[in-house]
Structures are given as structure tokens and as C-alpha cells.
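Only a predicted model underlies this, so the values are computations on that prediction, with no experimental measurement involved. Atoms within a ligand are numbered from 1 in the order they appear, just like the ligands themselves. Numbers for residues simply follow the sequence, beginning at 1. Quick note: numbers below take in every heavy atom, side chains included, and nothing from hydrogens, waters or symmetry partners.
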Amino acid sequence: MPAYDDSNIFARILRGEIPATRVAENDHALAFRDIAPRAPTHVLVIPKRAYVDFADFAANAGADEITGFMRLCAEVCAAEGVDPASGGKGFRAITNAGPDGVQEVPHFHLHIIGGRMTGPMLSLRD
Ligand code: 5GP
């Protein structure tokens, strides 16, 4: 796994150096709208501390951070009206990692995508 590069765009959003449309936050995580949304709801949830990707977060985050991150994801799904548990029509949660996962920003994040039919699970391309 590459070392964390704190010049990545999400680190800059966390430091307030560049703007983002924030939708929710707690002590451990921040949620903001994707700049190029693929659906009416396209929210990115990121931990506030520095983790490169899913494996880094899973291995190295504390229990409180992991709980805080997951709770914020659930809060966003409910607030966006996409959570089936509260009457929404559903959503897809995606995390990309590394070159094969086509991870563009090397700060762990979960995409929450909904508000429309999301289609087949994967569109593989060469
Ligand atoms: P990845 O491919 O790393 O999983 O996804 C990165 C996501 O970050 C993309 O969906 C892209 O549109 C989004 N993104 C890239 N730069 C910015 C930015 O400056 N602001 C926001 N809000 N989203 C960004």
C-alpha cells in the first residue's frame, strides 16, 4: 500500500483549503457531495483521519472511528431518503481501491449512490 499523501483532494477538503458541499459530519467522519454526481444522491463519506483505502482503514482505524464512520453513512442514507429502512428505494455503496479498483483519490471513501435505479452491479472495461 502506498504511503498516505496529504496533498490529496480530500485531505485538502478536510483542512478547509478547498470548498465542498458538506451534508453531515460527526467526530470521526465527513460527508459531502461528489463534484461529478452519477445519480441524484451521490455522497462521499470519508474518515477525518488519514487512511489510504479500505484495507488501511479496516486494519488501522480505532473502533470508535469505524463506528462513527458507519453511523454517518447510515445517517446520510436516511437523510437523503434512499434508505429502505425508512421508506427509501435503496442505494449502492461503493469503495474503490488501487489501480484495478480505479481509485482516483487516495483517501479512503465510500460512495453512496441513489435516487435512481443504479443498474448492473459492475460495468467492466479494458
Ligand atoms: P474514486 O475513483 O477515488 O473512488 O472516486 C473519487 C471521487 O471523487 C469521484 O467520484 C470524483 O468525482 C470525486 N471528486 C474528485 N475531486 C473532487 C473534488 O474536488 N470535490 C468533490 N466533492 N468530489 C471530488
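Listed by chain and number, the residues in a side chain to side chain contact (heavy atoms under 4.5 Å, CB included) with L124 are L122 (sequence neighbours excluded). Partners of H42 according to the side chain to side chain donor-acceptor pair (under 3.5 Å) rule, which considers only residues two or more places apart in sequence or in another chain, are D34, H111.
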Checklist entry - Do I18 and I9 pass the side-chain contact (heavy atoms from CB on, under 4.5 Å) test, and can you show the C-alpha distance, the side-chain angles, and the key distance before you say yes or no? => result CA-CA 8 Å; I18 60 169; I9 203 88; 3.3 Å; yes
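Under 4.0 Å from any atom of ligand 1, one finds heavy atoms of residues I9, F10, I13, F32, R33, D34, I35, A36, R38, L44, N96, V102, Q103, E104, V105, H109, H111.
Looking only at side-chain heavy atoms (C-beta outward), P47 and H28 stay at 4.5 Å or farther from each other.
Checked for salt-bridge contact, E65 and K48 miss the test: no charged N lies under 4.0 Å from a carboxylate O.
Residues V23, V43, V45, Y51, F54, F57, I66, F69, M70, L72, V76, F91, F108, L110, I112 make up the rest of the hydrophobic cluster containing V82, defined by ILVMFWY side-chain heavy atoms closer than 4.5 Å, directly or through other members.
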